[in-house]
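Positions are given from 1, in the same order as the sequence printed here.
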Amino acid sequence: MQALTVVPERKKSLRLDTLPDPVPGEGELLVDGLAVGICGTDREIVEGLYGTPREGRERLVIGHESLGRVRQAPPGSGLVPGDLVVGVVRRPDPVPCGACAHGWFDMCRNGRFTERGIKGLDGYAATSWTVEADYAVRLDPSLEHVGVLLEPATVVAKAWDQIERIGARSWFAPHSVLVTGAGPIGLLAALLARQRGLEVHVLDRVESGVKPELVRRLGAEYHRADVEEVMARVRPDLVIEATGAAPVVFGAMAGMGPYGVLCLTGLSPAGRTLEVDAGYINRDLVLDNSVVVGTVNANLRHYAAAATALAGADRGWLDALITRRVPLESWEEAFERHPDDVKTVVELRPAG
């Protein structure tokens with residue numbers, strides 16, 4: 001098989017390797033890789049910022065946004081050859097902590113979890129791979145062209161799960177949501193908001209192109225003004241933050257209304273300072289019963305919810321979200337940055 005591998009924490013180590021074909025263990029599927037999505041996490045691993053190989057290995061197969069077709073399935077797995085599947089990213093820690101023991105491995109308390117293509121386990125950027133049947137999610141066959149979006153969709157499925165759990169502490173009938181950032185996470189968050197019947201607003205910096213058009217096709221409103229101005233004008237009940245830009249995060253926090261929920265999905269770079277009126281923000285959060293919550297990763301419930309959301313979405317809209325499809329033999333192009341990029345995907349199967 002062929003696979004994209006790196007030496008974690010070493011810059012410029014990414015290469016296309018020929019590796020032995022995988023052999024499925026007990027209870028595992030053998031899967032032909034169809035596509036793998038490239039995101040900021042992959043780029044940071046490639047840049048040598050983090051990543052951990054399997055024990056005893058120097059190189060790590062990257063890729064956590066997977067899509068494949070089952071070649072071989074164990075009896076009783078509920079899956080058969082030909083099924084379209086996505087592999088779950090995280091595995092519970094071996095102790096396990098209480099959260100992992102109860103199936104909430106996305107909320108691991110001791111940090112000993114592993115993650116495919118990121119931490120301690122090889123990823124899915126390979127022409128074939130194996131996965132435990134219990135950590136494979138079957139997709140509707142009609143999603144073959146766009147199913148690689150499932151993993152990022154799980155991130156926002158979890159975000160909505162967290163928002164709804166928080167809202168349930170009292171009467172909760174949100175009307176509007178502001179999504180900050182029109183990358184894949186932001187746009188998928190907007191999609192799930194529209195599926196919930198909410199009035200949706202999306203804030204981003206670009207003036208024209210794919211992002212504003214995708215927002216409009218959802219029936220949502222696109223904004224380019226400062227976050228403080230948009231918050232004051234829209235007065236959203238909910239905010240999903242998907243930029244990681246500190247001024248946007250604190251601008252949204254300062255503009256929240258009564259019983260507001262701000263869900264943070266973007267990671268802010270460390271080492272930068274920002275002057276804010278912390279007392280003002282703290283006072284309003286307390287007096288308005290507002291909540292700021294961070295979320296990362298997803299568990300099996302969120303994968304199921306995301307699969308349902310994608311199955312109910314317009315296929316043309318999902319396809320337009322994938323702005324570049326790069327063949328495996330041209331893999332280096334996938335890590336370039338183009339002005340109109342939203343989601344870049346590496347096609348793992350041969351052309352033709």
**OP:** For atom CG of Leu267, decide whether the heavy atoms of other residues, nucleotides or ligands shown that lie under 6.0 angstrom number more than 12.
**Re:** no
Original post:
Is it the case that more than 12 heavy atoms not belonging to Arg169 sit under 6.0 Å from its CZ atom?
Top reply: yes
Original post:
When you check the gap from the basic side-chain N to the acidic O, do Asp122 and Arg57 get nearer than 4.0 Å?
Top reply: yes
Original post:
If Ile, Leu, Val, Met, Phe, Trp and Tyr residues are connected whenever their side-chain heavy atoms lie under 4.5 Å apart, and connections chain through other members, are Leu238 and Tyr222 in the same group?
Top reply: yes
**OP:** Could you tell me whether Arg324 and Asp341 have a side-chain N and a carboxylate O separated by less than 4.0 Å?
**Re:** yes
**OP:** Test Thr5 against Asp17 for side chain to side chain donor-acceptor pair (under 3.5 Å), laying out the working first.
**Re:** CA-CA 7 Å; Thr5 75; Asp17 279 339; 2.7 Å; yes
Original post:
What heavy-atom pair brings Ala225 and Leu203 nearest, and what distance separates the two atoms?
Top reply: O-CD1, 3.1 Å
Subject >> Closest approach of Ile185 to Pro152 (non-hydrogen atoms, all atoms of both residues) >> reply: CD1-O, 3.6 Å
Original post:
Is a salt bridge present between Asp106 and Lys158, judged by a nitrogen-to-oxygen distance below 4.0 Å?
Top reply: yes
Subject >> Steps toward side chain to side chain donor-acceptor pair (under 3.5 Å) verdict (Thr243, Glu241) >> reply: CA-CA 6 Å; Thr243 70; Glu241 208 298 305; 2.4 Å; yes
**OP:** Look up atom CG in Leu121 and atom NE2 in His64, then write down how far apart they are to the nearest 0.5 Å.
**Re:** 13.5 Å
Original post:
Any donor-acceptor pair under 3.5 Å linking the side chain of Asp277 with the backbone of Tyr280?
Top reply: yes
Original post:
Does a salt bridge link Glu132 with Arg91, judged by any charged N lying under 4.0 Å from a carboxylate O?
Top reply: yes
Subject >> Heavy-atom side-chain contact between Ile163 and Cys263 under 4.5 Å >> reply: yes
Subject >> Connected via hydrophobic side-chain network under 4.5 Å: Val346 and Val89 >> reply: yes
Subject >> Verdict with reasoning, Ser142 to Arg315, per side chain to side chain donor-acceptor pair (under 3.5 Å) >> reply: CA-CA 8 Å; Ser142 67; Arg315 300 298 188 272; 2.6 Å; yes
Original post:
Between Arg349 and Glu144, does at least one N-O distance fall below 4.0 Å, as a salt bridge requires?
Top reply: yes
Subject >> Sidechain-backbone polar pair: Thr295 side chain, Thr265 backbone, donor-acceptor under 3.5 Å >> reply: no
Original post:
Donor-acceptor pair, Ser13 side chain versus Val7 backbone, under 3.5 Å?
Top reply: yes
Original post:
For Leu84 and Pro141, which heavy atoms make the closest approach, and how far apart are they?
Top reply: CD2-O, 4.3 Å
**OP:** For the pair Asp140 (side chain) and Ala311 (backbone), establish whether a donor and an acceptor sit closer than 3.5 Å, ignoring hydrogens and angles.
**Re:** no
Original post:
Shared ILVMFWY cluster between Leu178 and Val155, side chains joined below 4.5 angstrom?
Top reply: no
Original post:
If Ile, Leu, Val, Met, Phe, Trp and Tyr residues are connected whenever their side-chain heavy atoms lie under 4.5 Å apart, and connections chain through other members, are Ile240 and Val291 in the same group?
Top reply: yes
Subject >> Note: Arg116-Glu151 ion pair, threshold 4.0 Å (strictly below) >> reply: no
Subject >> Check: Leu214 main-chain N/O paired with Trp317 side-chain donor or acceptor under 3.5 Å >> reply: yes
Subject >> Co-membership, hydrophobic cluster, residues Ile322 and Trp331, 4.5 Å side-chain >> reply: yes
Original post:
Taking the side chain as C-beta and beyond, is there a heavy-atom pair between Pro236 and Met231 under 4.5 Å?
Top reply: yes
Original post:
Under a 4.5 Å cut-off applied to non-hydrogen side-chain atoms, are Arg90 and Thr114 in contact?
Top reply: no
Original post:
When rounded to the nearest 0.5 angstrom, what distance separates CG in Asn299 from CG in Asp161?
Top reply: 7.5 Å
Original post:
Are more than 12 heavy atoms from other residues, nucleotides or ligands located less than 6.0 Å from atom CZ of Arg205?
Top reply: no
Original post:
Do you know which two heavy atoms are closest between Ala73 and Val70, and how far apart they sit?
Top reply: CB-CG1, 4.0 Å
Subject >> Side-chain (Arg138) to main-chain (Gly78) donor-acceptor, under 3.5 angstrom >> reply: yes
Subject >> pair Phe105-Asp93: side-chain heavy atoms closer than 4.5 Å >> reply: no
Subject >> Validation row: Asp288, Tyr259 side chains within 4.5 angstrom (heavy atoms) >> reply: no
Original post:
Taking NZ, NE, NH1 and NH2 as the nitrogens, is one of them in Glu65 or Lys343 under 4.0 Å from a carboxylate oxygen of the other?
Top reply: yes
Subject >> Over 12 foreign heavy atoms within 6.0 Å of CD, Glu207 >> reply: no
Original post:
Would you find a donor on one side and an acceptor on the other, under 3.5 Å apart, between the side chain of Arg43 and the backbone of Glu47?
Top reply: no
**OP:** Would you confirm whether Asn110, through its side chain, and Arg112, through its main-chain N or O, come within 3.5 Å as a donor-acceptor pair?
**Re:** yes
Original post:
Can a salt bridge be assigned to the pair Asp319 and Arg325 using a cut-off of 4.0 Å between side-chain N and carboxylate O?
Top reply: yes
Original post:
Would you say Leu14 and Ile45 make side-chain contact, with heavy atoms under 4.5 Å?
Top reply: no
**OP:** Please name the residue in the list Asp21, Asp32, Leu348 that meets the side-chain contact (heavy atoms from CB on, under 4.5 Å) test with Met1.
**Re:** Asp21
Original post:
Backbone N or O of Gly82 within a donor-acceptor pair of the Arg69 side chain at under 3.5 Å?
Top reply: yes
Subject >> Interatomic distance, Phe113 atom CZ to Cys97 atom SG [nearest 0.5 angstrom] >> reply: 10.0 Å
Original post:
Under 6.0 Å from the CZ atom of Arg235, do we count more than 12 heavy atoms belonging to anything else shown?
Top reply: no
Original post:
Any idea which heavy atoms bring Leu188 and Leu149 closest together, and the distance?
Top reply: CD1-O, 4.2 Å
Original post:
Any side-chain heavy-atom pair from Val293 and Leu264 closer than 4.5 angstrom?
Top reply: no
**OP:** For Val345 and Val326, run side-chain contact (heavy atoms from CB on, under 4.5 Å): C-alpha distance rounded to whole Å, both residues' side-chain angles, the deciding distance at 0.1 Å, then the answer.
**Re:** CA-CA 6 Å; Val345 168; Val326 178; over 6 Å; no
**OP:** Could you tell me the separation between the CD atom of Gln72 and the CG atom of Leu79, rounded to the nearest 0.5 Å?
**Re:** 12.5 Å
Original post:
Name the one of Leu318, Leu139, Leu67 that satisfies side-chain contact (heavy atoms from CB on, under 4.5 Å) with Val146?
Top reply: Leu318
Subject >> Arg301 NZ/CZ over Trp104 ring centroid, <6.0 Å and within 45° of normal >> reply: yes
Original post:
Which atoms form the tightest heavy-atom contact between Leu19 and Ala3, and what is the distance?
Top reply: CD1-CB, 3.9 Å
Original post:
Is there a donor-acceptor pair under 3.5 Å between the side chain of Ser290 and the backbone N or O of Val286?
Top reply: no
**OP:** Assess whether side chain to side chain donor-acceptor pair (under 3.5 Å) is satisfied between Glu9 and Tyr50, documenting all intermediate values.
**Re:** CA-CA 5 Å; Glu9 300 188 18; Tyr50 53 87; over 6 Å; no
Original post:
Are Pro174 and Phe172 close enough that some pair of their side-chain heavy atoms sits under 4.5 Å apart?
Top reply: yes
